[in-house]
Amino acid sequence: MSPYRPNPFFSTTNTFFVPSVGDKVDNAVAQAKALGHDAQAKASELAGKADNKFQDAKEAVKVTAKDAAGAPQGIDLYSRFALAGALGCAVTHGALTPVDVVKTRIQLEPEVYNKGMVGGFRQIIAAEGAGALLTGFGPTAVGYAIQGAFKFGGYEFWKKKAIDVLGVDKARENRQAVYLGASAIAEFFADIALCPLEATRIRLVSQPSFATGLASGFLRIAREEGPGAFYAGFGPILFKQVPYTMAKFAVFEVASEKILQATGKSKDSLTSGQSTGLNLSAGLIAGMAAAVISQPADTLLSKINKTKGAPGQSTTSRLVQMAGQLGVSGLFTGMSARLVMIGTLTAGQFLIYGDIKKALNATGGVEIAAVPK
């Protein structure tokens, strides 16, 4: 029996000069599959865009309904954001004054306060009494109330301005840039207001005998060193607060978005307890990230406000000199205390801010976070 020889007309080898029917069929199937995949990808993309448009339309209806119902708008709305931010920052920073006192002492005198956070508490109480832990409470509460108003109110304002300029679709695609830009601008103006009070607070904490409180300390610095002394730490406070605030808001927004996506819920559908849990969880994550990023500048800020500079010495040269003397490890002195402080503080701020916004009916604005599926 002769061996089987395939008909060359159906051969798939390259020896035959005409493409085989089998090759043509395979190519046609492959092209059909490719077209199918392309069509599926296009359909998914269009579905995503349609979903975003639908959500934007729902958002527009909600905003219109709120407007019709007499919800606050314009200056009235942003003043409520500012009030909520002021209360959130004043309460949290004021409550954590003892932790801040210990942190500042560790940063300024690590050779004395070298037993950690708990040991620092014990040392201060033993040497100066429990009341020393509330040193600087006045400038802390007042300063951070003012800063909180500018920070939270400004963030909402500049975020809305960015959305108006870019449009909702473009803003959503670039939402990280919107969060970072809005928070940076808001913090810059907040620091202008905060700096004099922060300088007074640090002087009171580092030199307990300097003055009896906010007013006397403020007036003494103004009288003996002039108004410029209040802004000796403006550079480091910007280097500390601007990255801190950028991380704080951007990480909070992303963490909130990821948590909502994991649960498959929208903010509007959350119960009061779930909303509290969201703000606390996302706020804690944001606070930890912000604390690490801003720690070196926080140490330099404490150092530069502790004492007066040499005659003719610029703030920049003082900062460079201090950074060189401290080194990397020195710049992160007091990190554990600050992680506890900033993590707790930020979680508390977003919790209070969210609750007060609701109480004040300050719920305007357009959401640009990705929509949970």
Side-chain angles (χ1 to χ4, degrees), residues 78 81-94 96 100 103 140-163 174-199 201 231 233-257 279-280 282-302 335 338-339 341-354 356-357 365 368-369:
Y78 291 105
F81 287 143
L83 177 59
L87 291 174
C89 288
V91 170
T92 52
H93 277 279
L96 287 170
D100 202 25
K103 173 193 70 75
T140 296
V142 174
Y144 282 95
I146 295 171
Q147 191 222 28
F150 278 93
K151 178 188 294 188
F152 282 87
Y155 174 70
E156 300 283 5
F157 175 80
W158 292 110
K159 185 170 71 170
K160 179 62 166 60
K161 286 296 180 184
I163 294 170
N174 300 278
R175 56 188 180 278
Q176 285 298 329
V178 171
Y179 300 149
L180 292 170
S183 57
I185 297 170
E187 185 59 43
F188 177 81
F189 290 106
D191 289 343
I192 294 174
L194 171 67
C195 202
L197 292 159
E198 181 69 354
R201 180 194 71 80
Y231 287 92
F234 186 61
I237 207 172
L238 282 179
F239 287 126
K240 167 195 167 185
Q241 289 295 137
V242 171
Y244 160 77
T245 299
M246 291 171 73
K248 172 179 174 174
F249 280 105
V251 174
F252 177 81
E253 297 275 16
V254 171
S256 298
E257 181 179 324
N279 289 331
L280 281 173
L284 183 61
I285 295 168
M288 293 291 188
V292 174
I293 287 171
S294 60
Q295 173 65 17
D298 183 65
T299 301
L300 290 175
L301 178 64
S302 296
M335 186 73 251
R338 194 156 189 270
L339 279 171
M341 175 183 171
I342 299 301
T344 306
L345 179 146
T346 305
Q349 281 180 3
F350 280 111
L351 172 62
I352 295 171
Y353 180 65
I356 293 178
K357 276 202 310 180
I368 55 173

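We use all heavy atoms of the structure for the numbers below, so side chains are in, but hydrogens, waters and symmetry mates are not.
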> When the ring planes of Trp158 and Phe189 are compared, do they come out parallel, tilted or perpendicular, using 30° and 60° as the limits?
Replying inline: parallel

>> Evaluate Tyr144 against Glu198 for side-chain contact (heavy atoms from CB on, under 4.5 Å), listing each step before the verdict.
In response: CA-CA 9 Å; Tyr144 282 95; Glu198 181 69 354; 3.4 Å; yes

> Who are the salt bridge (Lys or Arg N to Asp or Glu O under 4.0 Å) partners of Lys248, not counting sequence neighbours?
Replying inline: none

Solution key, residues 285-296 side-chain donor-acceptor pairs under 3.5 Å, sequence neighbours excluded:
from	atom 1	to	atom 2	distance (Å)
Ser294	OG	Ala290	O	2.8
Ser294	OG	Arg338	NH1	2.8
Ser294	OG	Arg338	NH2	3.1
Gln295	NE2	Thr299	OG1	3.4
Gln295	NE2	Thr333	O	2.8

> How long is the span from the CG atom in Asp100 to the CG atom in Leu96, to the nearest 0.5 Å?
Replying inline: 8.0 Å

> Looking only at heavy atoms, what is the nearest atom pair of Gly85 and Tyr353, with distance?
Replying inline: N-CD1, 3.6 Å

>> How long is the straight-line distance from CD1 of Ile237 back to CG of Leu300, given to the nearest 0.5 Å?
In response: 12.5 Å

> Taking the side chain as C-beta and beyond, is there a heavy-atom pair between His93 and Arg201 under 4.5 Å?
Replying inline: no

> Side chain of Thr92, backbone of Cys89: donor and acceptor closer than 3.5 Å?
Replying inline: yes

> Just how far is it from atom CZ of Phe188 to atom CZ of Phe234, taken to the nearest 0.5 Å?
Replying inline: 4.5 Å

>> One pair to check against side-chain contact (heavy atoms from CB on, under 4.5 Å): Asp191 and Leu194. What are the steps and the verdict?
In response: CA-CA 5 Å; Asp191 289 343; Leu194 171 67; 4.3 Å; yes

>> Minimum heavy-atom separation for Thr140 and Gly94, please, with both atom names.
In response: CG2-N, 4.2 Å

> What is the minimum heavy-atom distance between Ile352 and Leu87, and which atoms define it?
Replying inline: CG2-C, 4.5 Å

>> Please report whether the ring centroid of Phe152 lies less than 6.0 Å from that of Phe249.
In response: yes

>> Using 0.5 Å steps for rounding, measure from the CG atom of Leu339 to the NZ atom of Lys103.
In response: 11.5 Å

>> Could you measure the distance from the CD atom of Gln241 to the NZ atom of Lys151? Nearest 0.5 Å is fine.
In response: 5.5 Å

> Can you say whether the rings of Tyr78 and Phe157 are parallel (under 30°), tilted (30 to 60°) or perpendicular (over 60°)?
Replying inline: perpendicular

>> How close do Ala193 and Ile146 get, counting heavy atoms only, and between which atoms?
In response: CB-CG2, 3.4 Å

>> As a quick check of understanding, evaluate side-chain contact (heavy atoms from CB on, under 4.5 Å) for Phe350 and Leu280, giving each step before the final call.
In response: CA-CA 7 Å; Phe350 280 111; Leu280 281 173; over 6 Å; no

> Do you know the tightest heavy-atom contact between Asn279 and Gly354?
Replying inline: ND2-CA, 4.3 Å

>> Set out, in order, the CA-CA distance, both residues' side-chain angles and the distance that settles side-chain contact (heavy atoms from CB on, under 4.5 Å) for Glu253 and Lys159, then state yes or no.
In response: CA-CA 12 Å; Glu253 297 275 16; Lys159 185 170 71 170; 3.4 Å; yes

>> If I take atom OH from residue Tyr244 and atom CG from residue Leu238, how far apart are they, to the nearest 0.5 angstrom?
In response: 15.0 Å

> Closest heavy-atom contact between Gly343 and Leu284?
Replying inline: O-CD1, 3.6 Å

